[in-house]
Structure formats: structure tokens, C-alpha cells
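One structure is given here, and the rest of the page talks about it.
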Amino acid sequence: MSDSLVGAAAAQVAPAHADPIHSQGTVAVADPQLVRLLTPEGERLDHPEYSRYAADLTDADLRGFYRDLVLVRRIDVEATALQRQGELGIWASLLGQEAAQIGSGRAMQPQDFVFPTYREHGVAWTRGVDPIRLLGLFRGVDQGGWDPTEHNFHLYTIVIGAQTLHATGYAMGIQRDGAVGQGPDGDQGTAVVAYFGDGATSQGDVNESFVWASVFNAPVVFFCQNNQWAISEPLARQSRIPLYQRAQGFGFPGVRVDGNDVLACYAVTRAALATARAGGGPTLIEAYTYRMGAHTTSDDPTRYRIAADLEAWRLKDPIERVKAYLARSGIADSAYFAEIDAESDTLAADLRAQCLAMPDPAPLALFDHVYVDQTALLGEERTAYAAYLDSFEPAGHGGKGR
Amino acid sequence: MGQTTLAKAINMGLRTAMEDDPKVLVMGEDVGRLGGVFRVTDGLQKDFGEDRVIDTPLAESGIIGTAVGLALRGYRPVCEIQFDGFVFPGFDQIVSQVAKMHYRSLGKVRVPIVIRIPFGGGIGAVEHHSESPEALFAHTPGLKVVACSNALDGYAMIQQAIASDDPYIFLEPKRRYWEKAEIPDGFSVGAADPLHSARVLRPGRDVSVFAYGPMVRTAIQAAAVAEGEGRSVEVVDLRSISPLDLPVITGSVARTGRAVTLHEAPVSFGVGAELAARITEACFYSLEAPVLRVGGFDVPYPPARLEEEYLPDLDRVLDAIDRVASY
Ligand SMILES: Cc1ncc(C[n+]2csc(CCOP(=O)(O)OP(=O)(O)O)c2C)c(N)n1
Ligand SMILES: [Mg+2]
């Protein structure tokens with residue numbers, strides 16, 4: 001690109017956030033600073049707006065965050081290993097994004113509903129989805145093995161951005177059910193969280209979901225994990241302004257949070273959910289983080305990014321800072337950490353065993369669930385294929401080959 | 001050039017087209033620095049610069065829509081859609097804009113865009129990465145739809161599609177990307193078969209099998225097995241789906257009297273259905289049996305561990321050959 005083009009574009013996007021827009025909600029952010037409650041060194045910080053959303057966390061809650069973070073990282077490591085050993089076809093690692101997912105996930109209420117991408121294993125954990133259910137998609141035995149309505153956690157969506165519209169529509173349904181603004185302080189309403197990545201912000205669907213959520217004041221929180229990369233493309237390929245500032249143009253507040261700070265992610269999401277629950281409309285949260293691993297196990301990031309960036313982000317590790325804080329403040333000791341390590345090993349061994357034991361679907365499962373009401377034609381196709389398989393005597397089903 | 005993979009051959013074809021015509025651009029997600037997730041555009045950005053090899057924002061409607069604008073300005077964009085299942089956010093631009101621009105402008109405006117799509121299954125991928133959407137595009141007047149099956153064709157056909165002033169859907173059989181074929185030294189696109197010609201790959205007397213893209217290899221294997229069982233099977237690589245090369249297709253059936261169509265896409269309302277209708281119309285008096293269609297079942301593309309069941313394989317092709325031959 002020629003310099004003149006760059007210059008012109010840069011001039012147009014000079015920071016213009018002097019006037020924060022503040023819709024009906026409580027969250028208004030024009031501050032380009034990250035919201036942060038815990039430094040990379042593990043020191044608690046005060047934030048004028050958000051500290052109060054983390055103020056009632058008990059020591060047990062804080063230890064719980066640590067446990068969540070360690071366990072989901074362990075699940076992720078195990079899944080990566082399973083892929084390397086050929087047990088999964090592919091895996092999308094959440095390494096580095098644990099705090100963004102655990103913080104936001106733990107901020108939700110049971111009645112809230114989540115629309116994830118393909119990387120939200122940590123959020124799934126907070127919604128009580130058994131980790132083995134996540135592996136089915138990646139092993140190739142199903143396309144999402146959990147019941148979305150049981151956990152209020154929708155299926156993974158691989159088509160980038162599509163789920164943000166589903167989330168918005170779901171939120172519109174909540175409005176029509178009169179399930180917003182309930183309870184004495186409007187704090188018992190229901191809200192939706194839509195997850196997506198930095199790359200996804202370029203998609204039409206995501207931008208349309210912003211429009212819809214805004215004009216209908218839908219109770220949805222847009223939770224963008226800006227991990228700086230969309231496969232090989234850096235954020236600069238998607239945006240010339242900080243992503244959270246996009247919200248302003250759509251008419252709702254945006255906030256950037258330290259995505260490696262579980263407390264800040266918790267507080268900011270809780271605040272945005274409170275706004276949505278009470279009828280205050282959508283918020284865009286940009287969780288500023290880093291994809292520490294490859295895009296997926298099929299990707300080779302050494303082709304497009306430098307190791308120095310990775311090293312810098314390693315110092316901001318989301319787990320280390322919590323551990324340092326817990327240890328320093330006496331909320332947890334080395335015995336606790338050892339206990340969690342042991343638990344994570346057991347969890348991983350369990351996950352591995354269950355993965356290896358996962359049965360392949362039966363051949364005729366091909367024809368299941370295409371329609372609510374099976375058509376006669378598809379029924380015939382199924383019957384014909386069953387007969388065809390039976391023709392391979394004596395092996396029967398699955399015993400093909402001439 | 002020697003033994004070359006299909007992926008490398010298309011890469012070389014793109015390179016040649018870019019060298020020949022400075023208006024040729026390559027655009028898509030991860031096509032620049034990374035060289036595409038299948039490395040088909042490997043090295044092109046390094047050699048032709050970021051102005052000509054564009055890592056686009058993550059938005060397929062944007063990729064196709066801006067390609068239209070670039071084409072209107074005299075460029076020849078080659079768009080990469082990362083996987084078949086991700087063409088749909090750009091579907092509106094393709095069907096409503098790209099396909100109709102020449103028609104609506106009474107021929108005053110041309111949009112010479114090539115939309116490359118790695119298509120088909122067989123690589124054990126997760127959902128949306130293994131689909132065969134060719135019929136949707138072939139059903140859209142104004143688009144030309146071609147599918148290469150081997151490296152030599154990949155090299156030539158991509159150049160021919162880029163050189164054409166019509167918009168193209170260029171389908172690349174992703175599971176064949178790493179299969180090699182000989183590209184003779186000094187081979188130039190001028191010596192290639194016309195883009196919309198079908199090719200009889202293996203002559204036969206008893207049954208004609210029509211395939212394209214990933215299924216061509218399967219058809220050839222089936223013909224070899226059938227020969228051992230005393231059946232002479234003719235294999236035709238369609239190469240062009242829209243338009244169809246009817247003289248070659250009907251000529252084959254006129255000789256054999258029996259036809260099997262083969263693709264990964266679901267059978268119903270697919271390319272095979274069109275072939276069956278055309279063959280029936282043109283070869284009614286030569287036909288010894290109904291045209292049989294072999295393809296994917298009429299279900300969404302299944303999880304990877306079921307794809308061997310879903311995809312037509314050697315046995316299913318042989319079964320159809322048996323049935324059509326013993327009719
Ligand atoms: C519509 C669509 N186009 C392309 C892809 C291929 N693809 C998968 S992930 C990805 C990058 C996504 O980046 P981002 O939104 O930042 O999420 P991240 O993977 O970093 O979590 C792309 C291009 C897709 N899944 N869907
Ligand atoms: Mg990203």
C-alpha cells in the first residue's frame with residue numbers, strides 16, 4: 001500500500017472519544033485504558049467503576065477462579081496432546097485466554113444464555129458442560145454433543161460471526177417474554193452473552209447484530225476476545241481503531257478490559273450483564289488478550305509472527321498473577337495449589353480415557369435428525385443404504401471392501 | 001516442471017497469470033503472508049507485493065463485493081474462499097451481483113472475477129470444511145463453474161479462467177491438493193485443452209462414468225477394478241460443470257449406452273441430475289439402462305468419522321456400474 005493511502009486513512013481515524021456515549025446502562029467507557037483489577041505481578045488494583053463488581057468475592061470464590069483457570073488449561077493441554085496422538089482431528093486451543101473465559105463465564109447467572117465460537121472451552125466449563133462433550137466435534141463423532149438447553153450454552157459456531165445474530169435474536173425473545181428488568185432492583189432478569197473474536201468483527205453478521213441489539217435495546221453482552229490474531233492476520237487487518245470503540249458508532253457502550261485478568265473480566269462482564277438484565281441494552285466488551293498457541297493444531301504460527309511478542313505476553317500469564325495474588329494475600333497456600341494440580345491431573349487422565357472410549361457413530365446415524373419429521377424419500381435412502389451395507393457378507397455393517 | 005502437486009500447480013498458474021497481466025490480483029483471508037491455509041498462494045505476496053496479493057479483512061461478502069468494484073475499475077481479482085462452507089456469507093454478492101452484472105448492463109460491464117474454492121471432503125475436517133456447493137452455482141445463470149482434478153489441469157485451467165472475461169467459480173478438490181502429476185517442461189497454457197471441454201480419460205465400451213474434481217480418481221480406480229471383472233468402463237472428466245461439454249458427454253453415452261454420474265455432493269437436485277436429464281434427452285435411443293447417479297446422501301455433510309460412509313467410494317461406484325450394466 002502506498003504511503004499516501006496510509007496517511008489519509010490514519011488522519012481520518014484520529015482518536016475521537018472525548019464524548020463518551022452513555023446509553024441507558026451503567027457502563028460507560030471512553031477510557032482507552034484497560035480495565036484491570038489484578039496486575040501481572042498479582043497486585044489488586046482499585047478501579048473507580050468496576051471494583052465494586054468484584055468486591056463481594058469471597059476467598060473461596062477467588063480460590064475457585066484459580067481452580068477453574070488451572071483445570072481448563074489442563075483440559076486444553078490434554079486435548080492438544082490427544083490431537084497430536086491422532087485421537088482428535090483438530091483442536092482449537094484457548095491457551096492464554098483462560099481468564100477472559102472464566103471471568104466472563106463466572107459472571108453469568110444460571111438463567112443467562114451463551115452463544116460461543118469454537119474456542120470457548122473455558123466458558124463451557126463454567127456452564128457445567130462436561131469437557132468430554134466438547135471433544136466430540138473435534139474428534140469427528142458429532143457436531144456438538146451437549147444439549148444447549150440443559151446448560152444454556154449453545155452449540156459451537158464455526159462460521160465466523162453467525163452466532164452474534166442468534167444471540168441478539170435470543171435476547172429479543174427474552175424481551176418479549178418479559179424477562180428483562182425483573183426483581184426488586186431489576187437484577188433478576190435474563191441476559192445473553194455472545195462470544196466472538198477480533199477477526200469476526202469484520203463480518204457483516206457481527207455488524208448487523210450490533211445494529212439490531214442497539215435499536216431494539218436487546219439484553220445482550222458482546223464479548224470479543226481480541227487475541228490479536230485471526231489465523232495469520234493481525235488485528236490491523238480488521239480495524240484501525242480499538243475494537244471497543246466500535247460500539248460508540250452503533251449507539252451502545254464499549255469497554256476494554258485486560259483479558260488476562262480474571263477479576264477484571266468478571267467485574268466488567270457482571271456490570272454489563274446487570275445493565276442488560278435491567279433493561280439497559282447491549283454492551284461491547286473487548287477482552288484484550290493474546291492467542292498463545294497456534295490458531296488450531298493445523299496451523300504453524302512461526303510463518304507469520306515473531307517469538308518476541310509471545311515472550312512479552314508470557315509475562316502477563318492469566319494464571320500466574322492469580323496464583324501470586326492468592327499466595328501473597330494468604331488466601332491459598334502451596335498445599336492448595338498442589339491439591340489443584342493433582343485434581344487437574346486426574347481430570348486430564350479421565351478426559352483421555354473417556355475420549356479413547358468414545359464410540360464412532362453407527363453408519364446409519366448419517367440419516368438421523370436431518371428433519372424433525374423424517375421424509376419418505378430420505379427414509380428410503382436409509383433403507384437402501386442399510387441393504388447395501390448388508391450385501392457385504394459376512395462382515396455386515398462397516399465391513400465393506402471388495 | 002516435472003512432478004508437481006495440484007496445490008503447487010495452481011500456485012504456479014496464479015504466478016504465471018500475475019506475471020502476464022499486471023491487473024491480476026489475489027485476495028482473501030490469510031492468502032498473503034501465510035500463503036493460504038493450503039499454501040496455494042505461497043510466496044505470491046513476497047514477489048508481487050501487498051497491493052496485488054491482499055490479506056483481506058475476515059468477511060466473505062466484503063471479499064466478493066470489493067472484487068466487483070476492483071473488476072469495474074479494470075482489475076482481474078482472483079478471490080480465495082478459505083473453505084467451501086464459508087462461501088455463503090458472500091453468496092449474495094456472487095449470485096445477485098457478480099452473476100448478473102454483464103446481463104444487467106446489456107453487456108457494457110464485465111466482471112472478470114475468479115472465485116477459487118477448495119471443495120469436497122475426505123480430509124477428516126470439522127463441519128463446514130468439506131462441502132460441495134457446485135450445484136448452487138451451476139444453477140445460477142451468469143456464472144461459469146469449473147473443477148480441476150489434477151495438477152496439469154489446475155495449472156492450465158486457473159490461467160484460462162483468469163483470462164476469461166466471465167466470472168468463474170473455480171473448484172479445487174482439496175483432498176487431491178497433494179497428489180502429483182507431470183507438467184511437461186515448457187508446457188504453456190496455449191497448448192491446453194479448451195477450458196470448457198470434457199475429457200475422456202479412459203475409453204471403454206460398456207458403461208460411461210462421468211466425474212469431476214475429487215471423484216475423478218475414484219472413477220479411474222473403479223474402471224480398473226471393473227476391467228478385471230470383465231467390464232469396459234469409460235471415464236469422462238467433465239472439468240467444466242457449467243457449461244457442460246454435451247458433445248463429449250453424449251458421444252460417450254452413444255457408444256456405451258449406459259451412464260453413471262458421480263460426485264460428492266448430495267444426489268438430489270445435483271449435477272448428476274442435470275447430466276441424467278441431458279443424457280436422456282439426447283441419447284434416448286442409445287440408452288440400455290436408466291442413468292444412475294452416485295453421490296453423497298441427502299443429508300448435511302456428516303462428522304468426520306462418518307464421512308467414509310457418506311462419500312461415494314470405489315464400492316459404491318462399482319455397485320452402480322454393476323447395476324447399470326446388468327439392467
Ligand atoms: C465465515 C468464515 N470464514 C472463514 C472461516 C475460517 N476461519 C476460521 S477461524 C478464522 C479466524 C478467526 O479469527 P477471530 O475471529 O479473531 O477468532 P480466533 O480464532 O482468534 O479466536 C477464520 C478465518 C470461518 N470459520 N468462517
Ligand atoms: Mg482472534
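So that the names make sense, note that chain A is the first sequence line, chain B the second, and so on, each numbered from 1. Basis for what follows: all heavy atoms, side chains included, without hydrogens, waters or symmetry-related copies.
- Within the 4.5 Å cutoff, no side-chain heavy atoms of B:P303 are placed close to those of A:V141.
- Proximity to chain A is limited to the side chain of B:D42, based on heavy atoms less than 4.5 angstrom apart.
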Practice item. Tell me, with the steps shown, if A:I231 and B:Q82 meet side-chain contact (heavy atoms from CB on, under 4.5 Å). Key: CA-CA 11 Å; A:I231 308 187; B:Q82 200 162 80; 3.4 Å; yes
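- For the pair B:P89 and A:Q203, the tightest heavy-atom approach, listed with the atom from each and the gap, is CB-OE1, 4.3 Å.
- The shortest distance between side-chain heavy atoms of B:L34 and A:E233 does not fall below 4.5 Å.
- In this structure, OH in B:Y310 is found 10.0 Å from CZ in A:F367, a value given to the nearest 0.5 Å.
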Point to revise | Verdict with supporting geometry, A:I158 and B:H129, side-chain contact (heavy atoms from CB on, under 4.5 Å) | key: CA-CA 10 Å; A:I158 289 176; B:H129 291 73; 3.8 Å; yes
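- Here the shortest heavy-atom pairing between B:P57 and A:S202 reads CB-OG, 3.6 Å.
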Practice item. Mind running side-chain contact (heavy atoms from CB on, under 4.5 Å) on B:E309 and A:L364 for me, showing each step along the way? Key: CA-CA 9 Å; B:E309 301 292 336; A:L364 293 179; over 6 Å; no
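- With a threshold of 4.5 angstrom between heavy atoms, A:A162 does not approach chain B through any atom at all.
- Separation of atoms OG1 (A:T157) and NE2 (B:H128) is listed at 7.5 Å; rounding is to 0.5 Å.
- In terms of heavy-atom pairs under 4.5 Å with chain B, the best-connected choice from A:D299, A:D300, A:D360 is A:D360.
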Review point. Do B:D315 and A:F392 pass the side-chain contact (heavy atoms from CB on, under 4.5 Å) test, and can you show the C-alpha distance, the side-chain angles, and the key distance before you say yes or no?
Key: CA-CA 10 Å; B:D315 286 325; A:F392 291 92; 3.9 Å; yes
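- For A:I90, the part lying near chain B is the side chain, with the backbone staying farther off; criterion is any non-hydrogen pair under 4.5 Å.
- Within the 4.5 Å cutoff, side-chain heavy atoms of A:E381 are placed close to those of B:D298.
- Proximity to chain A is absent for every atom of B:E307, based on heavy atoms less than 4.5 angstrom apart.
- With chain B as partner, the option from A:L377, A:D205, A:V370 having the largest number of non-hydrogen pairs under 4.5 angstrom is A:V370.
- Within the 4.5 angstrom heavy-atom criterion, atoms from both the backbone and the side chain of A:L366 approach chain B.
- Here the side chains of B:R39 and A:R303 are in contact, with some heavy-atom distance below 4.5 Å.
- In this structure, CD on B:E127 lies 5.5 Å from CG on A:L137, to the nearest 0.5 angstrom.
- Heavy atoms closer than 4.5 Å to chain B are found in both the backbone and the side chain of A:R139.
- Minimum heavy-atom separation, B:V126 to A:F138: CG1-CA, 4.4 Å.
- Contacts with chain A were tallied for B:G32, B:A59, B:G49; B:A59 has the most, counting heavy-atom pairs under 4.5 Å.
- Looking at B:F297, the atoms closer than 4.5 Å to chain A (heavy atoms on both sides) sit in the backbone and in the side chain alike.
- Closest approach of B:R305 and A:P361 over heavy atoms only: CB-CD, 4.2 Å.
- For B:F48, the CZ atom sits in a packed shell: over 12 heavy atoms of surrounding residues, nucleotides or ligands are nearer than 6.0 Å.
- Here the side chains of B:F88 and A:V159 are not in contact, with every heavy-atom distance at 4.5 Å or above.
- Residue A:W146 qualifies as enclosed at atom CH2: its count of foreign heavy atoms under 6.0 Å is above 12.
- The existence of a salt bridge linking B:D30 and A:R237 is excluded, since no basic side-chain nitrogen approaches an acidic carboxylate oxygen closer than 4.0 Å.
- A distance of 8.5 Å separates OG1 in A:T201 from CG in B:L58, rounded to the nearest 0.5 Å.
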